[in-house]
Every structure is written in C-alpha cells, then in structure tokens.
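The structure appears right after this line, and notes come after that.
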Amino acid sequence: GTAVDPVTARRAYRQAAACGDAHGMAEHGRCLLLGIGGEIEADRGEALLLAAMQGGWPQARGELVRYWYGRGRELLESATAATDPTLAVAVSCLRRAATRGHRRAAFMLAECLRHGTGVAADAAAAVDWYRRAAALPDAKLILGDLLYFGQGVARRPVEAFHWYQQAAVQHEDAYAMYSCGYCLLHGEGVERDAQRGVSWLRRAALQDEAGACFELGLAYQRGEGVRRSSRQAVKWLRSAAGLGHAEARALLLQLGGVG
C-alpha cells in the first residue's frame, strides 16, 4: 500500500473542510488538535470539530471530548506543586470535556473544585459536577458522604441515602452497603427499618467493612433488627477490632470480650 503522508493528508483535509465537508472538518480539526502533519493549533481544531458536529458528523464530539479529557488529565498528573500554573489549564480542559458529557472529566473537575486544585474551592459546584458524573461508583460514594455529613454544603440525608443505595445496589460496594445499613438502622434520610438495615450491614461486614462489623455487633448487643445475642455481638465486635476499629476495641474492653 501507499505510505501515509501526514502533511499531505492534513492539506487534503483542510481543502475538504474549506468546501464545507463535515468529515473533512472533523479530520482537519483532529490534525490541528494533535499536531498531525504540522503544528498544534488547539483552538482552531476545537472550532472545526464543533463545526463538524453541527454539520452532521457526530463522531467529532468524541474526538473533541477525548482530547480535552486526556490533556486535562496529563496536566494534572504532571503538575509538581499546588501552585503550578498548569493546574488552571488542566481544570479548563476538564471543564470543556465535562461540559460535553465526559463523565470521568466531570468527576475530576468535581475533585478539583472540592479540593481547590487549579481553581477556587467550591463545594456546591463540586456537588453539581459529581451529580453529572454519578454513573461512576466513586462519584456516588462521594456525593453520599458530602450530603450526609454536610461537608461544605447543607446536609441532605435523604439524597445522601439515595446515592448510597445506588452504589450498594448497582456496584455492590461494601462502604455503600454499610452506609445504607446505618441509615436504615438509625432512620437517617429514610424511614427506620432495623431488619433491612441489619441485612445491609451483614453484607458489608462479610466484605470486611470495619464500620459495618461494629454496627452489626451493636445491633446484636441491643437486639435491634435481630434477636439479641451477646455471642454474636462479641464476634462482630472482634471482627471490627481486628480491622482496626478503635471504638470496637474500647467496647470489647468494657465487655471483657478481648482475646
């Protein structure tokens, strides 16, 4: 076959773009974004890809979004200090990708807003972007915690429970299962249902979630959602203590169940 000449290809795509061909616009935009066959001209590349989208070439959107996400992630990872000016550029790139529907970019933008990386910290804006990224399990978990504990935003335990439950059901995440169980057991953001709460706690405890082991031990000690059982209480408290749960260790000392 004939060897590909990127310079010639770029010229041909430019000519096609000039004639209004959407595919040509997309390919020429790609060349400009990535520096194929010539210098990088990111702004012109983006403009051409947007024009290609409007002209009926939907594949241009994916190219554009992947580029800005990749560029933003690269700049974040290469930053050497919290004051590195490239962090602001990274946030700008991620915002462009996130605005066009890239979920991981939306998640990373939310993280930047939450921690003040390359942009002023803004918890409320971070929550909005986490919501846009909520198809990702880590976004659901962070949303749950931010809204349950009211970290930088008003407490919204009902919405927090929603995200915990989504993560537990859809992703079988142990921490989410524990959080669901805790909320149900204590009536936080949802009507109290001790039996359902214990069921979630047990599933999480079987995955070595320390907090779930502790709460399950307390449930057996108090007879909440299960028949009261000192033996089962000590069993699960020991499991929690073995996983490093300080409160479980302290309670075992009080109960004389260490060893």
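Because the structure is predicted, anything quoted here is derived from the model rather than measured.
A cation-pi arrangement, defined by a distance under 6.0 Å to the six-membered ring centre and an angle within 45 degrees of its axis, is absent between Arg228 and Tyr220. For Arg104 and Phe107, the positive end sits near the middle of the six-membered ring, less than 6.0 Å away and at most 45° from its axis.
Within 6.0 Å of atom CZ in Arg96, more than 12 heavy atoms from other residues, nucleotides or ligands are found, so the atom counts as buried in its surroundings. No more than 12 heavy atoms of other residues, nucleotides or ligands sit less than 6.0 Å from atom CD of Gln195.
To the nearest 0.5 angstrom, Asp138 atom CG is 10.0 Å from Leu143 atom CG. Atom OG of Ser78 is separated from atom CG of Leu87 by 8.0 Å, given to the nearest 0.5 angstrom. To the nearest 0.5 Å, the span separating CD1 on Ile36 from CZ on Arg10 amounts to 8.5 Å.
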Would Leu49 and Met25 count as a side-chain contact (heavy atoms from CB on, under 4.5 Å) if you check the C-alpha gap in whole Å, the side-chain angles of each, and the deciding distance to 0.1 Å? CA-CA 6 Å; Leu49 283 161; Met25 290 179 189; over 6 Å; no
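A donor and an acceptor atom, one from each side chain of Glu111 and Tyr130, are located under 3.5 Å apart. Side-chain contact annotation: Asp21 with Tyr13, donor-acceptor N/O pair under 3.5 Å absent.
Between Trp68 and Leu94 the shortest side-chain heavy-atom distance does not fall below 4.5 Å. In this structure, the side chains of Glu209 and Leu201 stay at 4.5 Å or more apart for every pair of heavy atoms. In this structure, Lys140 and Gln170 have side chains that are in contact, with non-hydrogen atoms separated by less than 4.5 Å. Side-chain atoms of Tyr175 and Ser179, non-hydrogen and from C-beta on, do get closer than 4.5 Å to each other.
Tyr69 pairs in a side chain to side chain donor-acceptor pair (under 3.5 Å) with only one of the listed residues (Arg66, Arg73, Arg71), which is Arg73. Under the side chain to side chain contact (heavy atoms under 4.5 Å, CB included) test applied with Met177, the options Arg202, Gln207, Gln165, His171 reduce to a single match, Gln207.
Listed for the Arg61 side chain is a donor-acceptor partner under 3.5 Å among the backbone atoms of Arg100.
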Pairs under 3.5 angstrom only: tabulate donor-acceptor contacts from the side chains of residues 118-128 to other protein residues two or more places apart or in another chain.
from	atom 1	to	atom 2	distance (Å)
Asp122	OD1	Ala124	N	3.3
Asp122	OD1	Ala125	N	3.0
Asp128	OD1	Arg131	NH1	3.1

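The shortest non-hydrogen separation linking Ala205 to Leu216 is CB-CD2, 4.1 Å. Of all the heavy atoms in Ala160 and Tyr148, the pair that sits closest is CB-N, 3.5 Å.
Comment: Arg155 engages Glu188 in a salt bridge, judged by a side-chain N to carboxylate O separation of less than 4.0 angstrom.
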